[in-house]
Protein chains: 2
Amino acid sequence: MSVAIENFVKAIYKNDKNDGNDTKPGNIAKKLGISNAAATDMAKSLANKNLINYEKYKALELTEEGEKLALKVIRKHRLWEAFLHKTFDMSLHEIHKEAELLEHETSDFLANKISAYLGNPKFDPHGDPIPNENGEITTKDTSITLSKTKEGNAYIISRLMSDDKEFFDFCAIHGLKYGNTIIVEKQFVKNKMTQITINNNTILLNEDFTKIIYVNEKK
Amino acid sequence: MSVAIENFVKAIYKNDKNDGNDTKPGNIAKKLGISNAAATDMAKSLANKNLINYEKYKALELTEEGEKLALKVIRKHRLWEAFLHKTFDMSLHEIHKEAELLEHETSDFLANKISAYLGNPKFDPHGDPIPNENGEITTKDTSITLSKTKEGNAYIISRLMSDDKEFFDFCAIHGLKYGNTIIVEKQFVKNKMTQITINNNTILLNEDFTKIIYVNEKK
DNA sequence: ATTAAAGTTTAAGTATCCTTAAATTTTGTT
DNA sequence: AACAAAATTTAAGGATACTTAAACTTTAAT
């Protein structure tokens, strides 16, 4: 499917499920920066391709097929964001722009490679859920804070929930980064500290940090 | 610039500098899988954009600007190939297909990130040189095709110039890989075949293959 | 030098994705 | 319920990147 079509079904999906706007052509047009007439044209064309249901003057509805396509594009977008963020240390703003382009030129095969490389994360660095290969989406974040992890297990960092520069400097020094793997060595329950291994280094983290580092169990 | 335009200038560049074909519209058309008429149309359009010099019935010539664009696209292609190969352990055939798509949707910024991540390599996994940020290819390519090698000499494979999966499967089976050493046993001039030894195995290669395997003499 | 083959260009036309302007339908207000 | 405002659709048209078929130019062989 063309870039225009992929962006169109994505816009419908997001208006419907995320942004709470209605999905009449005018709203989609505004989101995509095209004229209303162009949106109507495209709606007819997508109806012919069985990607949406279209009735004149009504809101646009994705068919099952259309929703699948939208979820594929969203999956690729969020995987790229996660990957670029982890691999190249790019800011959340930068990764969005790049992902917006790359999402349309990424094979399912490559998307799966990226996903596996990252440990099949369920959420991107913004905290948005990443649909799996079958278009299934986890709406609830099942990641847990480091403080709740179990000794001996391996985890992948899914979120660093802080605005604090000192914290991020600390993370940068020790390789604590979205997508990276850590092993939880010991939970010091009474002192609320956690000892982890990352890149063959052992770090002891206190409560301040174990409560803002979110992880998923590595499988 | 559009994908079509980027692919067009890339095809001219490669025909001219790599493949030794002339750059008349017909040859470009064949390479891109479009009609001769489409190639002529595009040639006129690119002349208007000052990317090529165009005279009726003559070979197409890239302007300085056109060559710069071609080199940018080639840079991105080869960086993606190197990156995907290294990061996801994808085969040479797989990385080519993906890079062919990604090269057009990659910002200069991201290309530089990839390059830096890889340690600013000068060659991709096929052995092709990667232009730098300014479009300079610093290393002079002195490699020749297998068809032009001398009997009895040892050579190092420097490039495998193909998009064909069967070819790469063949290469994988026989150890024909960038950097490996072969000995040219015999040139069957009349039949345009070359007999080589690699890993103590003897292989007879026909013209299809001897024209796309590039080597450097081993000293 | 002629001529047939090979290659290139022109002409006419198609699909996609966009535009603006005019016509039509829906919506919201009284 | 009527009417104006807002939104949507239709109509006409443009740019890009292609197609096939016909006309033209170059080339290569005798």
Side-chain angles (χ1 to χ4, degrees), chain A residues 1-16 19-62 65-66 69-70 73 100-101 103-105, chain B residues 1-16 19-62 65-66 69-70 73 100-101 103-105:
Chain A
M1 292 296 161
S2 71
V3 173
I5 291 175
E6 291 188 353
N7 281 332
F8 204 87
V9 295
K10 194 176 71 164
I12 295 173
Y13 183 91
K14 292 193 134 196
N15 259 17
D16 187 24
D19 307 347
N21 297 325
D22 77 35
T23 60
K24 285 193 187 150
N27 268 326
I28 305 302
K30 199 186 290 178
K31 178 163 250 169
L32 295 174
I34 60 177
S35 68
N36 286 3
T40 298
D41 270 8
M42 187 57 102
K44 283 182 192 167
S45 158
L46 293 204
N48 270 333
K49 293 186 161 68
N50 196 35
L51 292 169
I52 68 170
N53 298 315
Y54 174 58
E55 277 185 84
K56 274 163 82 164
Y57 302 106
K58 296 274 172 64
L60 308 178
E61 282 177 359
L62 291 174
E65 204 181 324
L69 178 58
V73 178
E100 202 70 15
L101 299 174
E103 64 185 12
H104 305 295
E105 306 302 334
Chain B
M1 292 295 160
S2 72
V3 172
I5 291 176
E6 291 188 350
N7 281 332
F8 203 88
V9 294
K10 194 175 71 165
I12 296 172
Y13 184 91
K14 292 192 133 194
N15 259 17
D16 187 25
D19 306 347
N21 297 324
D22 76 35
T23 58
K24 286 193 190 149
N27 268 325
I28 304 301
K30 199 186 289 175
K31 177 160 252 168
L32 295 174
I34 60 176
S35 67
N36 285 5
T40 299
D41 271 9
M42 186 58 101
K44 283 182 192 168
S45 157
L46 293 203
N48 271 332
K49 291 187 165 65
N50 197 35
L51 292 169
I52 68 170
N53 297 315
Y54 174 59
E55 275 184 87
K56 274 164 80 163
Y57 302 106
K58 296 275 172 64
L60 308 178
E61 283 178 357
L62 291 174
E65 204 182 325
L69 177 59
V73 178
E100 202 69 14
L101 298 174
E103 64 185 13
H104 305 293
E105 306 302 334

Novice: Between C1' on C:dC17 and CD1 on A:Ile28, what's the gap in Å once rounded to a whole number?
Specialist: 17 Å
Novice: Could you tell me which residues satisfy side chain to side chain contact (heavy atoms under 4.5 Å, CB included) with B:Ala39, sequence neighbours excluded, listed by chain and number?
Specialist: B:Phe8, B:Pro25, B:Ala29, B:Ile34
Novice: Rounded to whole angstrom units, what separation is found between the CG atom of A:Asn48 and the P atom of C:dA15?
Specialist: 13 Å
Novice: Looking only at non-hydrogen atoms, find the nearest pair between A:Ile52 and A:Ala43 and report the distance.
Specialist: CD1-O, 3.4 Å
Novice: List for me each residue that meets side chain to side chain contact (heavy atoms under 4.5 Å, CB included) alongside A:Lys49, sequence neighbours excluded, and say none if there are none.
Specialist: A:Met1, A:Ile5, A:Ser45, A:Leu51
Novice: As a quick check of understanding, evaluate side chain to side chain donor-acceptor pair (under 3.5 Å) for B:Asn27 and B:Asp22, giving each step before the final call.
Specialist: CA-CA 7 Å; B:Asn27 268 325; B:Asp22 76 35; 2.8 Å; yes
Novice: In B/S/- notation, 5' to 3', how is nucleotides 3-18 of chain D contacted by protein heavy atoms closer than 4.0 Å?
Specialist: -----BBBB-----SB
Novice: What I'd like to find out is whether the side chain of B:Leu101 reaches to under 4.5 Å of the side chain of B:Glu105, using heavy atoms alone.
Specialist: no
Novice: For B:Lys31, give me all partners under side chain to side chain contact (heavy atoms under 4.5 Å, CB included), at least two apart in sequence or on another chain.
Specialist: B:Ala11, B:Lys14, B:Asn15, B:Asp19
Novice: Test: side-chain hydrogen bond (donor to acceptor under 3.5 Å, both in side chains). Region: residues 3-13 of chain B. Which pairs qualify, not counting sequence neighbours?
Specialist: B:Glu6-B:His104, B:Asn7-B:His104, B:Lys10-B:Glu100, B:Lys10-B:Glu103
Novice: Could you write out each protein N or O paired with an N or O of nucleotides 2-4 of chain C at a distance under 3.5 Å?
Specialist:
none

Novice: Using modelled atom types only, decide if a donor and an acceptor are shared between the side chain of A:Thr23 and the backbone of A:Leu60 within a distance under 3.5 Å.
Specialist: yes
